[in-house]
Amino acid sequence: MSPLQEHELLLTRRHFFGRMATGIGVAALGSLLNPGLWKGIADEKSKGLPGGLQLTPTAKRVIYLFMAGGPSQMELLDYKPSLEKLHETELPDSIRMGQRITTMTSGQKSLPVVKSIYKFKQYGRSATWISELLPHTAGIVDDICIIKTVNTEAINHDPAITFIQTGFQQPGRPCLGAWLSYGLGSANNNLPSFVVMISSGKESDQPLYTRLWSAGFLPSEYQGVQFRGKGDPVLYLSNPPGISAQARRRMLDGLARLNTKRYETFADPEINTRISQYEMAYRMQTSVPELTDTSREPASVLEMYGPDVHKPGTFAYNCLLARRMAERGVRFVQLYHRGWDQHGNLPKRIKEQCEDTDQPSAALVKDLKQRGLLDDTLVIWGGEFGRTVYCQGKIEKDNYGRDHHGRCYSIWMAGGGVKPGISYGQTDKFCYNVVENPVHIHDLNATVLRCLGVDHEKLTYRFQGRDFRLTDIHGELVKGILA
């Protein structure tokens with residue numbers, strides 16, 4: 001008996017069902033996606049959806065400065081002089097309206113309103129009120145759009161971050177960056193289309209899970225690639241001692257042949273993903289060192305980002321890398337900066353966070369603008385929710401804390417087709433409820449996709465018999481912020 005015949009006879013039950021499952025899946029997908037649509041299959045060249053964009057894009061890429069923990073809007077972007085008179089008064093039931101609050105304050109006998117100790121001034125031609133904590137952001141106020149009425153149902157960190165990143169409070173779905181990578185593909189064959197960086201700040205105790213930049217049920221090639229702040233930017237990218245570039249090339253060629261045979265047998269798309277990721281890693285051995293070499297950056301540019309720009313892993317350094325990635329066609333850059341969860345000692349801790357992030361954030365916008373990149377780069381600054389107007393714990397003269405608050409909070413956006421120099425939406429005098437132009441996070445994500453030329457209702461992926469999308473069955477464009 002020949003070895004080939006013996007192999008066929010020894011086909012195991014597991015192999016049988018494995019082949020059956022993938023075969024049926026491919027056949028079903030082929031019948032659902034007829035030749036006139038092909039909405040769920042990516043073009044091999046660009047890895048984007050065939051047929052191109054559904055809408056005219058105003059942005060080519062996104063840089064998302066995510067402030068994990070929930071920055072306090074009352075200390076930063078939503079000026080409330082009314083809190084001076086309301087200070088230390090009880091939050092009225094008519095304002096709270098039975099809202100679910102976290103267990104950290106639900107047991108308090110009192111929910112006293114607390115004013116911000118920080119001063120606000122008007123800046124720019126737009127005369128926008130900005131906190132003294134953000135002097136550099138004040139300098140770009142005519143280039144940004146402040147949205148004061150972002151809202152979410154989630155009141156705890158894990159579901160809230162998962163919600164705004166993936167459109168669902170429970171884990172398992174693709175994040176915004178993965179959806180854009182899937183829908184638009186890459187503009188650079190030598191770098192990932194979706195890169196994630198986590199900065200090392202003064203407070204880094206809040207957990208951030210890799211599923212926040214996961215591809216979920218999309219093919220894994222669309223997940224974010226994390227760049228590290230120490231050592232090699234990407235793990236295992238460098239050849240180990242004794243392995244030359246030529247030896248690595250021969251190894252990859254051999255692996256590709258083996259994986260291709262495996263794909264011909266099982267038709268599992270993850271096998272092709274593995275092949276393409278091996279090849280990407282090989283190309284990144286050249287492109288990443290060039291990307292991260294900032295030695296040729298002009299001194300004036302480095303000075304603009306602040307002294308921390310020279311320290312790999314800091315927020316300033318990551319902002320500079322984000323600009324360099326934007327120049328090289330990286331589609332989606334996600335920066336995470338932790339430490340904004342200020343239940344106590346808020347005045348001191350929020351000042352430290354602003355010292356880390358204010359100057360680099362503003363420098364990024366200025367740098368993009370002076371290079372002509374801001375027009376087609378969408379920059380987003382914000383967190384997963386805001387903070388409560390009432391104090392968590394005891395109010396002291398120069399010290400207080402605030403709990404999580406999802407009913408209204410502030411973010412800012414710049415470039416990429418967003419109106420500059422405006423403030424959008426209004427909150428009540430307690431900064432507790434939205435009174436004009438609410439922006440749910442589904443609306444925010446729908447609008448981000450629109451800026452990239454994608455109709456959020458049409459960017460779908462069939463999984464377990466259902467067409468999924470980032471905004472689920474929700475989302476309305478925030479037309480008032482679009483230029």
Side-chain angles (χ1 to χ4, degrees), residues 47 61-66 68 165 175 177-178 180-181 186-201 204 207-215 220-241 243-245 248-249 251-252 273-274 276-297 301-302 305-338 356-357 360-361 363-364 367-368 373 377 379:
K47 297 299 183 185
R61 63 196 74 85
V62 176
I63 299 176
Y64 203 141
L65 310 178
F66 197 88
Q165 298 283 280
C175 65
L180 283 172
S181 297
S186 176
N188 185 329
N189 289 327
N190 299 319
L191 288 169
S193 61
F194 176 16
V195 174
V196 175
M197 293 180 283
I198 302 175
S199 60
S200 53
S204 302
L208 291 173
Y209 308 101
T210 55
R211 58 176 164 77
L212 294 175
W213 48 93
S214 158
S220 58
E221 65 186 296
Y222 301 116
Q223 69 186 3
V225 174
Q226 184 179 350
F227 276 40
R228 304 189 310 152
K230 295 181 180 179
D232 287 343
V234 181
L235 283 173
Y236 312 118
L237 195 61
S238 301
N239 290 328
I243 301 297
S244 66
R248 172 61 69 94
R249 183 66 266 169
M251 181 189 73
L252 290 177
T273 293
R274 184 176 299 175
S276 66
Q277 294 304 85
Y278 282 152
E279 292 299 324
M280 171 63 78
Y282 182 77
R283 296 192 297 272
M284 286 170 63
Q285 288 185 321
T286 301
S287 62
V288 169
E290 186 276 331
L291 167 70
T292 56
D293 180 10
T294 61
S295 61
R296 295 185 181 180
E297 289 285 342
V301 170
L302 297 175
Y305 283 87
D308 285 346
V309 75
H310 301 285
K311 304 173 186 176
T314 61
F315 185 76
Y317 178 84
N318 289 346
C319 281
L320 178 61
L321 281 193
R323 190 224 76 208
R324 292 174 64 85
M325 290 177 189
E327 288 178 309
R328 288 157 179 78
V330 176
R331 183 76 66 186
F332 193 93
V333 183
Q334 179 102 50
L335 273 61
Y336 287 97
H337 188 82
R338 295 171 288 183
D356 281 347
T357 60
S361 299
L364 175 62
D367 203 2
L368 290 169
L373 288 168
T377 303
V379 183

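Judged by distance alone, with hydrogens and angles left aside, the side-chain atoms of Ser193 form no donor-acceptor pair with the main-chain N or O of Ser181 at under 3.5 Å. Between the side chain of Arg283 and the main chain of Ser287, no donor-acceptor pair closer than 3.5 Å is present. At distances below 3.5 Å, at least one donor-acceptor pair connects side-chain atoms of Asn188 with backbone N or O atoms of Arg328.
Here the straight-line distance linking atom CD of Glu327 with atom CG of Leu373 works out to 6.0 Å at 0.5 Å rounding. Rounding to the nearest 0.5 Å gives a distance of 11.0 Å between CG of Asp367 and OG1 of Thr377. Of the inter-residue distances, the one linking Cys175 atom SG with Tyr222 atom OH reads 13.5 Å to the nearest 0.5 angstrom. Rounded to the nearest 0.5 angstrom, Ile198 CD1 and Thr210 OG1 are separated by 9.0 Å. Distance CZ/Arg331 to CZ/Phe194: 13.5 Å, rounded to 0.5 Å. Distance check, rounded to the nearest 0.5 Å: OH of Tyr317 to OG1 of Thr294 gives 5.5 Å.
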Could you go through the side chain to side chain contact (heavy atoms under 4.5 Å, CB included) check for Arg61 and Val333 one step at a time?
CA-CA 8 Å; Arg61 63 196 74 85; Val333 183; over 6 Å; no
Test Ile63 against Leu368 for side chain to side chain contact (heavy atoms under 4.5 Å, CB included), laying out the working first.
CA-CA 11 Å; Ile63 299 176; Leu368 290 169; 4.2 Å; yes
Let me see the working for Arg323 and Val301 under side chain to side chain contact (heavy atoms under 4.5 Å, CB included), right down to the final yes or no.
CA-CA 11 Å; Arg323 190 224 76 208; Val301 170; 3.9 Å; yes
Thr314/Asp356 under side chain to side chain contact (heavy atoms under 4.5 Å, CB included): CA gap, chis, key distance, verdict:
CA-CA 8 Å; Thr314 61; Asp356 281 347; over 6 Å; no
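Put simply, the side chain of Tyr305 reaches to within 4.5 Å of the side chain of Leu364, judged on heavy atoms. Contact of the Pro192 side chain with the Met284 side chain is registered, since non-hydrogen atoms from C-beta on lie closer than 4.5 Å. Counting heavy atoms from C-beta on, the side chains of Thr286 and Asn190 never come closer than 4.5 Å. When side chains are defined from C-beta on, Glu279 counts as touching Leu252, because their heavy atoms get closer than 4.5 Å. Between His337 and Leu65 there is no side-chain heavy-atom pair separated by less than 4.5 Å. Using a 4.5 Å heavy-atom cutoff, the side chains of Glu290 and Arg324 are in contact. At a threshold of 4.5 Å between non-hydrogen side-chain atoms, the residues Arg248 and Pro240 count as touching. With contacts defined as side-chain heavy-atom distances shorter than 4.5 Å, the pair Phe332/Tyr64 qualifies.
Listed here is the closest heavy atom pair of Cys319 and Leu335: N-CD2, 3.7 Å. Minimum heavy-atom separation, Ala215 to Ser220: CB-CA, 4.2 Å. Across Leu208 and Ala68, no two heavy atoms sit closer than the pair CD2-CB, 4.1 Å. The two residues Gly329 and Ala187 make their nearest non-hydrogen contact at O-CB, 3.4 Å. Of all non-hydrogen atoms in Leu291 and Phe227, the two that sit nearest each other are CD2-CE2, 3.7 Å.
A donor-acceptor pair shorter than 3.5 Å cannot be found between the side chains of Ser199 and Asn318.
Here the two rings, on Phe66 and Trp213, have centers that are 6.0 Å apart or farther.
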